Protein chains: 2
Amino acid sequence: MKNEVNISEYIQVLFPQFEPALKQILIENGVLKSFEAGEMLMQTGQNMRSTILIAEGLVKLYREGDEGNEFFMYYLHPGNACALSMICATKQETSQVMAKAVEPTKGLMIPISLMDTLMKEYKTWYYFVLETYRSRFEELLTVVDNIAFKSMDERLEFYLKKQHRDLKSRSLTITHGEIANDLNSSREVISRLLKKMEQRGEVILHRNYIEYLK
Amino acid sequence: MKNEVNISEYIQVLFPQFEPALKQILIENGVLKSFEAGEMLMQTGQNMRSTILIAEGLVKLYREGDEGNEFFMYYLHPGNACALSMICATKQETSQVMAKAVEPTKGLMIPISLMDTLMKEYKTWYYFVLETYRSRFEELLTVVDNIAFKSMDERLEFYLKKQHRDLKSRSLTITHGEIANDLNSSREVISRLLKKMEQRGEVILHRNYIEYLK
DNA sequence: GATTTACTGTGACTTCAATCACACAAGGAA
DNA sequence: TTCCTTGTGTGATTGAAGTCACAGTAAATC
């Protein structure tokens, strides 16, 4: 029963606002699944049968382009749910988005068959779902904002700030090439812009990592 | 009581799937509000006190940039709800989005105080809300896709196709300048790209309107 | 009909970002 | 050590899109 104990602990810590009965249902029906760093939680075209609540780790969400290029959208932290897994689960449709664990991650898988009951019976659950949608929608609006209105250097600054905030570290372990990928740009462009930021004293560049100073 | 009769009719036609009791609540508590073409249903920074269901007309949703520039996201048709009005209403937060009537429009305003009950009591309502979020989220993902991965000529083609689909007409009453605004581009660029499309036989250009041939 | 306004067409130029082509440097593997 | 992979720095070139400048033209108003 080690598994159940774990689930119970996660739920106590991550969702203290849930009603006891709701917690109990999640504990009884949820399955804890581990993902290694780099492993996919969700792939383009995949059919979802569970909603995923992130219990531990960090998950990166990408939009995938036609030619296989990736575009970084946002991170999911412990306590977050994957809005798309809820949506796709509910409609049993496939998603055009990729979710990749960037750290060893544990996900609490909730069967979609429960969604109806949970929604109707537990107010805190329905608030949680709405809040999940709302925050992801806002985040996506920010993404639109950036690519629609901002130039590459502004987008890069925003990206680094976000990394710093979400990874909670000044030293960002990332290569120029990876940044270029996330922003759907090219390595040289990013290198040059980073050099300018370094000259302005905003970062210090190293091999394989960047010190963020702002 | 003319107003109530109207509301009742709209609800019968647009939301046949709703339970009778749910329809009744909406009829009793909803208020029908008219908007002229060009009028705002929702403005950046505005606090929402109602969810809006579109009963008649057509509404255009924009993201607003820092310097007041607009970026077109999607249309709302009769039977659609404004996902953001639901989200903002629920959280009583302000939105960074503009909704503008492009035709004379009627909106059924549902007080947010009802949301809790409706969500808990009526399954068809909660399905409707989820579906609203889902479809808007998908639409926003398409927007991201376009600006992240596509070039201007592809975006223009996509835009015209969307106009054609949503306005259900081959003859699009729009100027090059307005298109440029919606795509956050410039008039000259759009004119030139349209000219090329005309040379390829995909459109015929006129003053103030475009015949879409595909 | 004359004037004015709004829309369209196009050449010339600028700018930002992407791409090409290398040189070089750090660090692990042989 | 030497080799080799991977990451970084930088100049040169290209291309797409934005800007400037101005000409023409349809339609609306006087």
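Just so it is clear: chains get the letters A, B, ... in the order the sequence lines come, proteins before strands, and each one is counted from 1. Just so it is clear, the model here is predicted, and its values are computed rather than measured.
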| request: Using whole Å, report how far NE2 of His176(B) lies from C1' of dA26(D). | output: 13 Å
| Base, sugar-phosphate, or nothing for Thr175(A), non-hydrogen atoms under 4.0 angstrom? | sugar-phosphate
| request: State plainly whether the residues Lys214(A) and Glu157(A) are in salt-bridge range, i.e. N to O under 4.0 Å. | output: yes
| said: If we count only N and O atoms by modelled type, under 3.5 Å, do the side chains of Arg136(A) and Thr132(A) hold a donor and an acceptor together? | reply: no
| Side chain of Ser191(A): nearest nucleotide among dG9(D), dA18(C), dT19(D)? | dG9(D)
| query | Could you state the CD1-P distance from Ile174(A) to dT6(D), rounded to the nearest angstrom? | reply | 18 Å
| query | So, Glu70(A) and Lys60(A), do they make that salt bridge, N to O below 4.0 Å? | reply | no
| note | His206(B) atom NE2 is separated from dA6(C) atom P, nearest whole Å, by 23 Å
| Could one point to a donor on the side chain of Arg187(A) or the base of dG9(D) with an acceptor on the other under 3.5 Å away? | yes
| task | Report the relative orientation of the aromatic rings in Phe72(B) and Tyr62(B); use parallel for angles under 30°, tilted for 30 to 60°, perpendicular for over 60°. | result | perpendicular
| note | Against the side chain of Leu205(B), the closest entry in dA27(D), dG9(C), dC20(C) is dG9(C)
| Quick one: Leu172(B) CG to dT8(C) P, roughly how many Å, whole number? | 13 Å
| request: Give a yes or no on whether a donor-acceptor pair under 3.5 Å exists between the nucleobase atoms of dT19(C), that is its base, and the side chain of Arg192(A). | output: yes
| query | Glu211(A) CD to dT8(D) P: how many Å, rounded? | reply | 14 Å
| task | Before accepting this row, confirm whether a basic side-chain N of the pair Asp153(A)/Lys196(A) lies closer than 4.0 Å to the acidic partner's carboxylate O. | result | no
| request: Please determine, for the side chain of Lys195(A), which listed nucleotide (dG9(C), dG9(D), dA17(D)) has the closest atom? | output: dG9(D)
| message | How many whole angstroms separate atom CD1 of Ile190(A) from atom P of dC16(C)? | response | 15 Å
| Whole angstrom value for the distance that separates C1' of dT15(C) from CD of Glu188(B) | 15 Å
| said: If you only use heavy atoms from C-beta on, which nucleotide in dT19(D), dA26(D), dA17(C) is closest to the side chain of Arg207(B)? | reply: dA26(D)
